[in-house]
Undergrad: 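One structure is given below, represented as structure tokens, and several questions about it will come after.
Keep in mind that what you see is a predicted model, and the values were worked out from it rather than measured. Note on naming: letters A, B, ... go to the chains in the order of the sequence lines (proteins, then strands), and numbering restarts at 1 for each one.
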Amino acid sequence: MTSETAVVAPKARDYKSDYKPVWCPGCGDFSVLSSVTKAFAEIGTPKENCAVISGIGCSSRIPAYTSVYGFHGVHGRALPLATGLKVSRPELNVVATGGDGDGFSIGGNHFMHACRRNVDMVYVVMDNEVYGMTKGQASPTTAPDWDKSKLTPHGTGINPFQPLAIALAAGANFIARGFSGDPNGTAKLIADAMKHPGFSLVQILSPCVTFRPEQKDWKGMVRPAEIEATSDIGRAARRLMTDDGFNTGILYKGSRNVYRPALEESETVAEVEATFAL
Amino acid sequence: MTSETAVVAPKARDYKSDYKPVWCPGCGDFSVLSSVTKAFAEIGTPKENCAVISGIGCSSRIPAYTSVYGFHGVHGRALPLATGLKVSRPELNVVATGGDGDGFSIGGNHFMHACRRNVDMVYVVMDNEVYGMTKGQASPTTAPDWDKSKLTPHGTGINPFQPLAIALAAGANFIARGFSGDPNGTAKLIADAMKHPGFSLVQILSPCVTFRPEQKDWKGMVRPAEIEATSDIGRAARRLMTDDGFNTGILYKGSRNVYRPALEESETVAEVEATFAL
Amino acid sequence: MSAETISIAVTGAGGAGVMTAGQMLLDAGAKAGWYGLMTRSSGPQIRGGEAAAFLRMSPGPVNCGDDKLHILFAFDWMNVERFAAELFLNSDTLVLCDSDAGEVPNVISSSGARVVALPLKKTVKEVEGGRINMIGLGVLGKLVGLPDEAVDAVISSALKKKGQEAIDFSKAGYKAGFDLAANVECDAALSACSTDGVERWGISGNEAAGLGGLKGGVRFVAAYPITPATEVLEWLAPNLEKVGGTLVQAEDELASIVQIIGGSFGGTPSMTATSGPGLALMMEAMGLAVASETPIVVVNVQRGGPSTGIPTKSEQSDLNIALHGLHGDAPHIVTAPNSIPDCLFTTQWSVFLAERLQTAAIVLSDQALGQSRVVCDKPADLAFIAKRDVVEANVENYERYSVTASGVSPMAIPGTPGGEYVADGLEHAPNARPSSAAEDHIEQLDKRDRKLTQFDYGNHWADIEGEGEMAVITWGSTTAPVREAIERAEAKGMKIRMISMRLLMPMQTEKFAEALKGVTKALVIEQTHSKQFFHYLKAYYDLPAEVKLFNRPGPLPMRPGEILEQIESWS
Amino acid sequence: MSAETISIAVTGAGGAGVMTAGQMLLDAGAKAGWYGLMTRSSGPQIRGGEAAAFLRMSPGPVNCGDDKLHILFAFDWMNVERFAAELFLNSDTLVLCDSDAGEVPNVISSSGARVVALPLKKTVKEVEGGRINMIGLGVLGKLVGLPDEAVDAVISSALKKKGQEAIDFSKAGYKAGFDLAANVECDAALSACSTDGVERWGISGNEAAGLGGLKGGVRFVAAYPITPATEVLEWLAPNLEKVGGTLVQAEDELASIVQIIGGSFGGTPSMTATSGPGLALMMEAMGLAVASETPIVVVNVQRGGPSTGIPTKSEQSDLNIALHGLHGDAPHIVTAPNSIPDCLFTTQWSVFLAERLQTAAIVLSDQALGQSRVVCDKPADLAFIAKRDVVEANVENYERYSVTASGVSPMAIPGTPGGEYVADGLEHAPNARPSSAAEDHIEQLDKRDRKLTQFDYGNHWADIEGEGEMAVITWGSTTAPVREAIERAEAKGMKIRMISMRLLMPMQTEKFAEALKGVTKALVIEQTHSKQFFHYLKAYYDLPAEVKLFNRPGPLPMRPGEILEQIESWS
Ligand SMILES: Cc1ncc(C[n+]2csc(CCOP(=O)(O)OP(=O)(O)O)c2C)c(N)n1
Ligand SMILES: Cc1ncc(C[n+]2csc(CCOP(=O)(O)OP(=O)(O)O)c2C)c(N)n1
Ligand code: SF4
Ligand code: SF4
Ligand SMILES: [Mg+2]
Ligand SMILES: [Mg+2]
């Protein structure tokens with residue numbers, strides 16, 4: 001923004017690219033894209049200082065549909081990529097994005113450790129309880145009795161992964177849930193997450209109309225959480241462990257220590273190598 | 001045990017091999033080895049039906065010091081190996097073992113998903129809050145201010161991993177903590193874990209005398225948990241999230257659904273392939 | 001005149017039912033006694049984008065696409081340019097489209113193909129419950145000369161679940177299309193045929209690989225989905241269960257490969273399937289299988305690389321990683337099916353070899369084999385069934401990694417008293433205890449090498465066909481177009497030898513030399529950019545003085561015609 | 001008589017201070033003007049088992065072990081057999097031990113070595129605060145002819161933190177040992193020497209690699225510890241920080257490799273270090289760096305394989321995975337330092353190349369280089385400093401993957417307005433958008449290949465020395481013994497050429513042919529079981545008609561003498 005004309009407040013559309021998404025008509029991810037760009041606009045970070053980092057999946061296609069810097073990496077590794085970027089370039093507004101499979105199945109370890117490390121960035125997970133991109137297998141958040149995948153013809157039979165409870169136990173600093181059917185509310189959650197220091201998880205229920213058509217019912221199931229965001233870990237734990245998965249809003253806001261290396265030069269390379277002299 | 005003489009109750013020593021451990025004198029893992037063999041003896045599984053599976057680390061050397069079947073695999077993957085074994089051979093008594101680095105750093109994703117999947121086996125983690133084998137780096141359970149590793153000269157600065165809280169949030173069915181200084185108590189915990197259906201985590205505080213000499217103080221810090229094992233997830237969550245890490249005993253006992261495929265033949269291969277006939 | 005073989009492409013928006021029409025045409029053809037092949041292609045949209053079904057049908061076996069297209073049936077013009085490179089349009093091609101489809105795209109008109117517009121949409125409206133793909137099927141049925149009974153049978157069985165009304169609607173649609181085609185001039189009709197009592201199968205390479213595993217004895221599978229390998233796993237899930245096995249969906253490929261090592265350690269033949277990115281993640285544990293001598297099989301269905309690459313398209317570029325992607329000296333088995341039906345044989349054989357030789361086997365299939373469907377003869381049953389060399393209960397002084405002449409050390413299966421041992425990825429002494437001694441290392445390295453190199457793989461290591469001073473050397477899915485090119489060359493009176501290698505590791509140096517006897521020129525065919533197969537041959541085999549390479553990366557498949565050109569221009 | 005070079009082994013229980021004594025001897029030698037090398041070996045016990053320090057000292061540079069041992073100093077006999085294969089005992093060897101140490105083990109006595117027992121333990125008791133290793137150091141100091149000032153300086157600086165008393169005790173111990181040796185007959189004294197004003201460094205290969213990264217411009221490192229690479233990372237952690245960079249300890253290698261891709265995407269030159277098992281886990285993401293054209297450097301310090309293998313011992317068996325372990329056609333850079341000091345040059349050069357060519361570079365070091373300490377001349381400063389081709393702010397119509405003549409497409413660094421793009425591992429068009437079109441695929445494959453093959457690597461690609469009709473071809477840590485063997489052969493009047501390849505990928509076919517001009521025989525030396533380097537040469541280069549291979553897996557290092565034998569027996 002080096003131009004000499006008056007700086008105009010950025011609009012959401014400034015953060016959108018002209019590239020047509022590969023998503024199915026009606027996919028929840030379209031409105032997540034809107035929410036992400038709205039949040040950038042609200043924060044007002046110049047787009048050259050924003051980065052959207054993803055793994056692989058339908059949802060992970062999102063970077064190319066924004067007009068900021070981005071990386072469409074490999075499956076499950078959005079968070080380490082975002083971590084490397086943010087730690088070495090702390091002035092950037094870094095948003096990691098992806099799906100429930102990418103983030104909680106193959107990427108589960110990075111998820112836990114990113115929560116612990118608490119680098120100042122936002123992780124937006126478009127949760128559709130399915131692997132959309134590979135044509136409909138169960139993901140960690142899939143209910144145990146969903147039997148529409150050929151890979152698990154009787155359902156998975158295992159308890160769904162609780163991303164928010166795990167995030168809390170692992171050490172995330174901001175935990176929220178949104179619904180793609182409410183793009184403005186979700187945009188606000190993402191913007192709040194950007195403002196909050198440390199690692200912020202925003203889970204967004206984002207229906208897969210193709211492989212989980214029944215998720216259109218989510219519209220009638222989500223509700224704003226009745227209780228305010230808490231900063232008490234014990235209360236948050238009880239709340240998240242007993243939550244039915246449809247309460248939206250900010251559910252935990254902590255003040256845990258943020259990981260932020262100094263990056264200040266105190267010696268020259270010549271001084272450093274002098275220690276090898278005998 | 002096909003011999004015709006009367007069956008004698010097995011002793012712990014029957015489950016020990018004559019192979020000298022590589023461990024440093026005084027390492028906590030010696031007594032964990034005793035506890036594991038005692039637990040086998042208490043359950044009485046014939047040794048050919050026992051298997052001890054590990055990853056890589058000092059603690060992961062344990063299988064060779066038992067006289068049962070074992071697998072010293074690759075770093076971080078004890079749990080998937082044990083899972084493959086137990087799911088396809090449900091009659092075996094399968095114990096996965098390893099260290100805090102193996103299990104919670106590189107192996108963290110398998111840990112979460114093993115908890116969720118809830119296959120009937122025991123996971124014994126020898127937690128010394130350090131990578132012993134690679135000569136003393138911080139592990140996920142290391143306190144943030146431990147600055148004795150060259151890799152993190154100012155300490156890690158990040159919150160320690162809470163294995164029990166994560167296990168609970170992820171879906172483990174039995175959660176206990178022991179201390180290597182109490183081999184009998186620990187043996188009992190492991191035996192109880194073997195008896196309990198589903199995935200059982202037994203974290204054992206097991207000092208590394210070489211890289212964490214201060215852990216000899218643990219002796220004075222551990223105490224049996226005051227409250228009985230609970231089966232209430234909400235209560236257990238609060239308890240584990242606020243726990244100081246030194247309460248020993250069974251801390252959670254659940255009745256979550258155990259993953260146990262049928263393995264029953266209902267068709268011949270010829271019948272199966274007949275579906276390709278046009 | 002009736003054709004020897006016909007190629008048909010059906011294109012249109014994803015919703016138009018292109019794939020269903022293609023599939024039904026193939027199946028009805030099969031009922032009529034014709035062999036056939038169908039491959040698919042589609043645009044980047046997850047759903048509803050442009051799609052194409054490519055079919056080839058013939059009275060004799062078909063294993064690859066042709067280099068000319070007889071009929072293009074375009075339900076609409078939606079992004080048809082995307083498929084331009086795959087269409088092989090020429091002035092002999094008949095292009096069928098809807099009268100209302102709008103201007104004929106340039107890629108079509110510029111090819112000189114004959115375009116015939118039919119009132120498809122109009123007809124749809126006239127038929128109660130009509131769908132455009134059934135009308136299309138009717139048109140094609142008429143042009144290729146499908147017998148009515150065959151079509152009726154296929155429609156009835158495909159729509160059985162939807163009920164009699166749906167069946168009747170479809171039949172009416174078919175009939176309407178059939179009538180529409182009455183005046184279309186076309187010489188694509190295939191000669192009538194019969195199955196001669198031989199049972200015909202309709203199967204994809206991925207299903208065949210799954211079945212091969214099952215028939216080889218696999219009873220445990222751990223799975224993580226990835227294009228284009230998912231169907232191997234999706235076929236296995238319900239079918240394994242029927243034969244008393246099980247499949248676990250794992251959290252990632254690191255878990256799936258290690259789970260099968262666990263299953264195999266327990267005595268159960270175990271496998272998984274993946275593609276490039278997943279294979280890369282499995283390499284560390286593959287080394288564990290090799291070092292601990294635990295048999296496993298990984299079917300790798302190759303796609304365009306590097307990295308995420310082109311997930312839906314074929315390439316042979318995972319050869320290097322399959323051969324050399326393990327750290328340390330880690331001899332293992334690498335095989336490759338060279339046709340869709342051969343996915344069954346090669347996978348089953350690989351299970352047998354892995355179990356027999358207690359090592360890791362990688363089966364290198366590819367998208368072109370895995371995701372294509374073929375109509376073929378029912379494959380014969382094979383004797384290759386997993387049989388491990390195991391120890392009985394209560395052997396004395398059992399040593400798991402004993403140094404034997406064959407290099408294979410009898411294995412103890414948990415549950416066997418007296419066999420207790422600890423499998424290890426650390427180098428070890430014969431008694432399985434870790435050892436860093438030079439003698440133990442070399443002894444075990446020798447043993448692990450010896451068991452693979454001394455084993456007699458019979459003549460399955462390669463398909464060697466024909467005689468002549470020129471040999472065409474290839475592997476995997478490029479074999480079918482090579483075979484067809486050689487057939488055409490032979491029809492012109494040339495003599496050419498084909499060597500298609502099914503066993504890529506361990507190297508069969510002597511047998512290869514034997515196969516090359518009398519050959520003075522070798523033409524190497526592969527679908528990579530970096531000439532992986534060619535360099536592999538140079539590294540491990542003696543080639544004749546004159547060697548020529550014809551390589552190309554994906555996504556375009558090799559065609560018989562261009563290989564024939566290479567042969568002819570070099571003769 | 002004074003020796004040209006002496007080799008000393010110090011062995012004993014871990015607690016005996018073997019390593020400290022060795023280290024101080026090396027450092028004091030350095031002060032005296034001698035070059036030197038020290039390697040370590042120890043038993044399986046994590047702590048307190050048997051340990052050995054192997055030293056070689058000389059007035060001229062030393063880069064590998066000798067094939068004879070002048071002095072074995074055994075503080076005790078604890079499991080000394082374990083080191084038998086590494087000791088090279090013969091009848092000229094002087095074995096020093098304690099008078100009370102008990103029976104001389106068979107491995108020693110059977111060698112015919114001269115055993116001299118000294119009252120070490122007794123002396124320890126007589127010296128206040130005496131430690132056996134200082135007594136031992138005194139004995140050795142006398143035998144090799146260490147000047148007192150050198151010893152004093154080293155003791156004072158090593159024990160500075162412990163205070164004057166500790167220094168005095170140690171000096172007294174040294175003196176007592178020195179006196180003990182008065183009557184020991186030995187002709188190992190080295191000729192006096194000076195540093196001639198050239199600054200000498202004491203450095204290990206792992207430290208040198210870390211420093212090379214730093215000097216090349218690396219400012220972000222992600223780390224996961226693994227033997228024998230950990231010291232690269234442990235050296236970098238505190239030192240990176242001083243120059244304004246940072247190191248993150250990652251949860252595993254999957255994270256560490258991807259973190260550095262993230263760091264590099266942000267414009268910061270980034271690297272990591274690992275060994276075989278970790279490298280295997282990194283291969284998937286290495287492909288991402290290649291496809292997305294994001295520069296990264298991975299220093300892989302090889303150890304015995306396969307699988308967990310022999311973590312503390314050296315081998316060259318990760319060559320295959322480094323060259324070919326990526327799925328798809330994924331051209332990248334593979335380099336290898338060929339001496340301990342060269343770990344600095346090669347790592348720094350590799351950072352430069354990765355950044356210049358926007359790709360992944362693997363630096364293949366090994367345990368023998370990484371964990372040995374050398375006394376050498378201070379290395380010269382190099383011009384190889386990371387400099388990426390980047391775009392300025394507000395370029396018009398920026399295309400990240402533009403097809404350029406050099407193959408290098410200018411990169412936009414986040415923060416640059418107008419450069420916004422999405423890096424992708426999916427195949428893409430020049431504008432960075434995903435594409436599965438054949439034209440885009442081939443264009444980008446060509447580009448990624450071209451940028452590597454067209455670049456001029458100067459004469460750093462190999463060290464080529466000497467003339468002659470016989471060439472010895474090698475790489476990595478086997479270079480030092482090859483060099484020394486050739487020196488010895490030349491001393492005998494033979495003429496031999498050495499080619500030690502520093503750049504293993506991309507292939508330097510023409511330069512290699514040039515280097516082989518006039519050569520009729522090639523002797524290939526490598527430390528693997530499966531002949532990886534030999535097959536690599538066969539695959540990519542033209543070798544002379546006569547080729548001989550001398551290979552052996554780890555853990556035993558190659559020695560000059562046995563290479564000389566190969567040369568002589570073939571001349
Ligand atoms: C290493 C690797 N394994 C598997 C795949 C195949 N794969 C691509 S996307 C995906 C799942 C995506 O699911 P999710 O993250 O929930 O995204 P969605 O498509 O549902 O938005 C899988 C398994 C891959 N690309 N790479
Ligand atoms: C893939 C891989 N990465 C790294 C290593 C090196 N490594 C071996 S053990 C270990 C850590 C062990 O820590 P822990 O599990 O806590 O065991 P401990 O030694 O403390 O008992 C590491 C990093 C390895 N063997 N493999
Ligand atoms: S498959 Fe599902 S998740 Fe993927 S684009 Fe379509 S609706 Fe969205
Ligand atoms: S280093 Fe620590 S954990 Fe390892 S054996 Fe020694 S005391 Fe035990
Ligand atoms: Mg999803
Ligand atoms: Mg530990």
Undergrad: Quick check on the interface: out of D:G309, D:P555, D:P44, D:A289, who has the most heavy-atom pairs with chain C under 4.5 Å?
TA: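 Of the candidates given, the most pairs with chain C belong to D:G309.
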Undergrad: What pairs with D:A361 under side chain to side chain contact (heavy atoms under 4.5 Å, CB included), at least two apart in sequence or on another chain?
TA: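 Checked D:A361 against side chain to side chain contact (heavy atoms under 4.5 Å, CB included); matches are D:V297, D:I333, D:S350, D:A354.
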Undergrad: Side chain from CB out, backbone as N, CA, C, O: work out which of these in D:A85 comes under 4.5 Å of a heavy atom of chain C, or both, or neither.
TA: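 Neither part.
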Undergrad: Measure D:P331 against the heavy atoms of chain C and call it side chain, backbone, both or neither at under 4.5 Å.
TA: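 For D:P331, there is no contact with chain C at all, as no heavy atom is under 4.5 Å.
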Undergrad: Which region of D:L326, side chain (C-beta onward) or backbone (N, CA, C, O), has a non-hydrogen atom less than 4.5 Å from a non-hydrogen atom of chain C, or is it both or neither?
TA: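 Backbone of D:L326 only, per the 4.5 Å heavy-atom cut-off to chain C.
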Undergrad: Taking every heavy-atom pair that is under 4.5 Å apart, which of C:S530, C:G325, C:S275, C:G328 has the most such pairs with chain D?
TA: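 That would be C:G328.
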Undergrad: For D:L281 and C:L254: C-alpha separation, side-chain torsions, deciding distance, then whether side-chain contact (heavy atoms from CB on, under 4.5 Å) applies.
TA: CA-CA 9 Å; D:L281 290 174; C:L254 304 165; 3.7 Å; yes
Undergrad: Can you name the nearest heavy-atom pair linking C:A438 to D:L556, along with the distance?
TA: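 That closest heavy-atom pairing would be CB-CG, 3.9 Å.
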Undergrad: Between D:G554 and C:H441, what is the shortest heavy-atom contact and its length?
TA: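 Shortest heavy-atom separation between D:G554 and C:H441 comes out as O-CD2, 3.0 Å.
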Undergrad: Could you report the tightest heavy-atom contact between C:S307 and D:L288, atom names first, then the distance?
TA: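 Heavy atoms of C:S307 and D:L288 come nearest at OG-CA, 3.4 Å.
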Undergrad: With chain C, which of D:E284, D:Q302, D:R552 has the greatest number of heavy-atom pairs at distances under 4.5 Å?
TA: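 Most pairs with chain C among the choices: D:E284.
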Undergrad: Would you say the side-chain atoms of C:N320 and D:H327 include a donor-acceptor pair closer than 3.5 Å?
TA: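 The answer is no; no qualifying pair exists.
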Undergrad: Tabulate, in ascending numerical order, the residues of residues 422-429 of chain C having at least one heavy atom closer than 4.5 Å to a heavy atom of chain D, or enter 'none'.
TA: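 Listed by number: C:G425, C:L426, C:E427.
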Undergrad: Tell me, side chain or backbone of C:P311 under 4.5 Å from chain D's heavy atoms, or both, or neither?
TA: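 Only the side chain of C:P311 comes within 4.5 Å of chain D.
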Undergrad: Would you name the heavy atoms of C:I310 and D:S436 that are closest together and state the gap between them?
TA: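 What the structure gives for the nearest pair is CG2-CB, 3.4 Å.
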Undergrad: Walk me through whether C:I442 and D:H529 qualify under side-chain contact (heavy atoms from CB on, under 4.5 Å).
TA: CA-CA 8 Å; C:I442 189 103; D:H529 186 259; 4.1 Å; yes
Undergrad: Heavy atoms only, distances under 4.5 angstrom: which of D:Y540, D:F534, D:Y536 has the most pairs with chain C? Name it, please.
TA: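 Result: the option with the highest number of such pairs is D:Y540.
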Undergrad: Name all residues meeting the ring pair (Phe, Tyr, Trp, His ring centres under 6.0 Å) criterion together with D:F83; count only those two or more places apart in sequence or in a different chain, and write none if there are none.
TA: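 Once residues adjacent in sequence are excluded, D:F83 has no partner under the ring pair (Phe, Tyr, Trp, His ring centres under 6.0 Å) criterion.
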Undergrad: Of the listed residues (D:D318, D:L445, D:L319), which shares the most heavy-atom pairs with chain C below a 4.5 Å separation?
TA: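 So the answer, after comparing D:D318, D:L445, D:L319, is D:L445.
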Undergrad: Which answer fits C:P277, side chain, backbone, both or neither, if we ask what part of it has an atom under 4.5 Å from a heavy atom of chain D?
TA: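 Its backbone and side chain both get close to chain D.
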Undergrad: Go through it in stages, so that I can follow the logic: the residues are D:Q532 and C:D329, the test is side-chain contact (heavy atoms from CB on, under 4.5 Å), and I'd like the CA-CA distance, side-chain angles, deciding distance and then a yes or no.
TA: CA-CA 8 Å; D:Q532 300 186 13; C:D329 288 310; 2.8 Å; yes
Undergrad: Between C:N300 and chain D, which part of the residue has a heavy atom less than 4.5 Å away: side chain, backbone, both or neither?
TA: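 Neither part; nothing is under 4.5 Å.
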Undergrad: So which of D:E315, D:R303, D:M286 has the largest heavy-atom pair count under 4.5 angstrom toward chain C?
TA: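 It is D:E315.
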Undergrad: For the interface with chain C, which of D:A437, D:G43, D:A280, D:G276 has the highest count of heavy-atom pairs at distances below 4.5 Å?
TA: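 Option with the greatest count: D:G276.
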Undergrad: Locate the shortest heavy-atom distance separating C:P306 from D:R448; write the atom from each residue and the value.
TA: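 Taking C:P306 first and D:R448 second, the nearest heavy atoms are CD-NH2, 3.5 Å.
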Undergrad: Crowded around C:K538 NZ? As in, over 12 foreign heavy atoms under 6.0 Å?
TA: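 Yes.
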Undergrad: Is it the case that the side chain of D:H324 and the backbone of C:I321 share a donor-acceptor pair, with hydrogens and angles ignored and the cut-off at 3.5 Å?
TA: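 No.
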Undergrad: Which residues pass the side-chain hydrogen bond (donor to acceptor under 3.5 Å, both in side chains) test with D:R82, sequence neighbours left out?
TA: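 side-chain hydrogen bond (donor to acceptor under 3.5 Å, both in side chains) list for D:R82, sorted by chain: D:E50.
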